[in-house]
There are 2 protein chains.
Amino acid sequence: MTERLADTPSDQDFLRLDGQICFSLNAASRAFGSLYRVLLKDLGLTYPQYLVMLVLWEQGTVPVKELGRSLRLDSGTLSPLLKRLEAAGLVTRERSAEDERSVHISPTAAGAALRERAAEVPRRIAAATGFGLADIVDLRARLDRLTTALDAATAAEGV
Amino acid sequence: MTERLADTPSDQDFLRLDGQICFSLNAASRAFGSLYRVLLKDLGLTYPQYLVMLVLWEQGTVPVKELGRSLRLDSGTLSPLLKRLEAAGLVTRERSAEDERSVHISPTAAGAALRERAAEVPRRIAAATGFGLADIVDLRARLDRLTTALDAATAAEGV
DNA sequence: GACCATTGAGTTGTGCACAACTTAATTGTG
DNA sequence: CACAATTAAGTTGTGCACAACTCAATGGTC
């Protein structure tokens, strides 16, 4: 393989990258998923459900719209997920009085109680990464930058 | 908010981190997914299907087992995916003669031809990230390190 | 050679992500 | 006020990820 200047990558370079950043990202995301699955099993929550509960624990009552903004999910994903949480007795769903289009989600007593049992999860996750706080903060910043760039590109293509 | 030493993060720090690295990772992964979806639409491929085709373009005929190892996917995911690729006329599936348990996947002529049309995708993805080659390589290394650590932790918990 | 554990694909069932659509409530404008 | 456009949830359909399972082929081991 011949040497190339770092600023003039070949098609081959791109082809290799291709199966890489996104693939590595995907793999890391799924690896997190596996660990969360194990840690959340006792609580009877999936990772997306756990994210919803995190928001509710912090904010109390939250409209579906706001949940979607926070978690980057649309109603097509949230509606059935929230129904399952409701069926599990962890949240309530009620139409807003001021705006009948809006539905407010609140944790039930059981849902709120789950917070204690979930308290250990974040620390165990952080420990499992083997990363220090600074590393994590740095990685997060890069990923967020990446997401912003990709969203912009998708929007540009989408036109 | 009070200042803390970097090496003694509080529970609050962990709770905040929690909704962060994994969440950022997830968001980035999905942002990639959205861009790939747009770019692959003309080819009639989803991102996972594209990954399979990448392997086939590079290696020709590959047993399902090997595909699973490469892509970190099990037969529960691959079997239906490969059936869809077969239905689309992009791959063939045949039982191995030496080992009747094994199924070999090969690109058809149409599947191989798709390679040309997909050639642009990697460069456009790389451009969309806004990252240089060095940044991408570095990020990939961090993510792979993360995945390894998480897999080890999951295995340890799994016991 | 018979028996049993292992292996590779496939199937079934659950849940998430997302596109495309529907429905009902609200808002804006003539 | 009326009516069109917008907005918030929800529904439907497709595809992926994964656990748990089945089934047939293979490879020891006695």
Side-chain angles (χ1 to χ4, degrees), chain A residues 22-23 25-38 40-41 44-52 62-69 71-88 91 93-105 151 154 158, chain B residues 22-23 25-38 40-41 44-52 62-69 71-88 91 93-105 151 154 158:
Chain A
C22 183
F23 186 76
L25 206 59
N26 223 313
S29 182
R30 278 152 59 202
F32 260 118
S34 297
L35 183 53
Y36 270 108
R37 196 170 302 117
V38 172
L40 294 174
K41 192 171 188 178
L45 292 176
T46 65
Y47 176 64
Q49 290 168 3
Y50 170 69
L51 287 182
V52 168
V62 179
V64 174
K65 180 75 198 301
E66 175 60 22
L67 270 177
R69 234 193 318 272
L71 305 178
R72 214 172 182 274
L73 293 172
D74 66 4
S75 66
T77 300
L78 282 174
S79 288
L81 187 156
L82 292 169
K83 267 179 154 178
R84 282 188 283 270
L85 286 179
E86 186 185 37
V91 309
R93 304 188 302 152
E94 4 179 17
R95 291 262 158 207
S96 163
E98 313 91 65
D99 186 342
E100 294 265 335
R101 290 172 305 178
S102 178
V103 169
H104 291 324
I105 308 298
D151 280 345
T154 302
Chain B
C22 183
F23 185 76
L25 207 58
N26 224 311
S29 181
R30 277 153 59 203
F32 260 118
S34 298
L35 183 53
Y36 270 108
R37 197 171 301 117
V38 172
L40 293 174
K41 193 171 186 179
L45 293 176
T46 65
Y47 176 63
Q49 289 168 4
Y50 170 69
L51 287 182
V52 168
V62 178
V64 173
K65 180 76 198 303
E66 174 61 22
L67 270 176
R69 235 194 317 273
L71 305 178
R72 214 172 182 272
L73 293 172
D74 67 3
S75 66
T77 300
L78 282 175
S79 288
L81 187 157
L82 292 169
K83 266 180 155 178
R84 281 187 284 270
L85 285 180
E86 186 185 35
V91 309
R93 305 188 302 152
E94 358 177 24
R95 292 261 159 207
S96 164
E98 312 92 65
D99 186 341
E100 293 265 336
R101 291 171 302 179
S102 178
V103 169
H104 291 324
I105 308 297
D151 279 345
T154 302

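Below, chain A is the first sequence line, B the second, and so on; all start at residue 1. This one's a predicted model, so the numbers in the text were calculated from it and none came from an experiment.
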Hey, is the side chain of A:T46 poking within less than 4.0 Å of OP1 or OP2 on C:dT14, counting only N and O atoms?
no

Looking at A:R93, I'd like to know whether one of its side-chain N or O atoms comes within less than 4.0 Å of OP1 or OP2 on D:dG10.
yes

Measuring from B:L25:CG to A:N26:CG, what's the distance to the nearest 0.5 Å?
9.0 Å

Within this structure, what is the NZ-to-P distance between A:K41 and C:dG15, rounded to whole angstrom?
14 Å

Mapping A:S75 and B:D99 onto DNA chain D by nearest heavy atom, which one lands closer to the 5' end?
A:S75

Minimum-distance nucleotide (side-chain atoms of A:R95 versus C:dA9, D:dA9, C:dA17):
D:dA9

Starting from the 5' end of DNA chain D, give me the residue, A:P63 or A:S34, whose nearest nucleotide shows up first.
A:P63

Counting the atoms with a prime plus P, OP1 and OP2 as sugar-phosphate, which does A:E66 contact under 4.0 Å by heavy atoms, base, sugar-phosphate, or nothing?
nothing

Kindly point out which of C:dG8, C:dC18, D:dG10 is positioned nearest to the side chain of A:T77?
C:dC18

Using a 4.0 Å heavy-atom cut-off across all strands, classify A:L78 as base, sugar-phosphate, or nothing.
nothing

Heavy-atom check, side chain of B:R30 versus side chain of A:L73, under 4.5 Å
yes

Do any side-chain nitrogens or oxygens of A:R37 fall under 4.0 Å of OP1 or OP2 in D:dA17?
no

Hey, are the side chains of A:L45 and A:Y36 touching, using non-hydrogen atoms and a 4.5 Å cut-off?
no

Among the candidates D:dA8, D:dA17, C:dG10, find the nucleotide nearest to the side-chain atoms of B:S79.
C:dG10

N-O pairing of A:R69 and A:E66 below 4.0 Å
yes

B:L78/B:V52 under side chain to side chain contact (heavy atoms under 4.5 Å, CB included): CA gap, chis, key distance, verdict
CA-CA 9 Å; B:L78 282 175; B:V52 168; 4.3 Å; yes

For A:R30 and D:dC18, is the shortest distance between a side-chain N/O and OP1 or OP2 below 4.0 Å?
yes

It should be established whether B:S102 places a side-chain nitrogen or oxygen under 4.0 Å from OP1 or OP2 of nucleotide C:dT7.
no

Would you tell me if any nitrogen or oxygen in the side chain of B:K83 comes within less than 4.0 Å of OP1 or OP2 on C:dT11?
yes

Could you please name the option among D:dC18, C:dA25, C:dA9 that lies closest to any side-chain atom of B:V103?
C:dA9

Closest to side chain of B:L73, choosing from D:dG10, C:dG8, D:dC18
D:dC18

Rounded to whole angstrom units, what separation is found between the CD atom of A:E100 and the P atom of D:dA9?
12 Å

How many whole angstroms separate atom OH of B:Y47 from atom P of C:dA17?
17 Å

Expressed in angstrom and rounded to an integer, what is the separation of A:E94 atom CD from D:dA9 atom C1'?
15 Å

Side chain of A:D74 - closest among D:dA19, D:dT6, C:dA19:
C:dA19

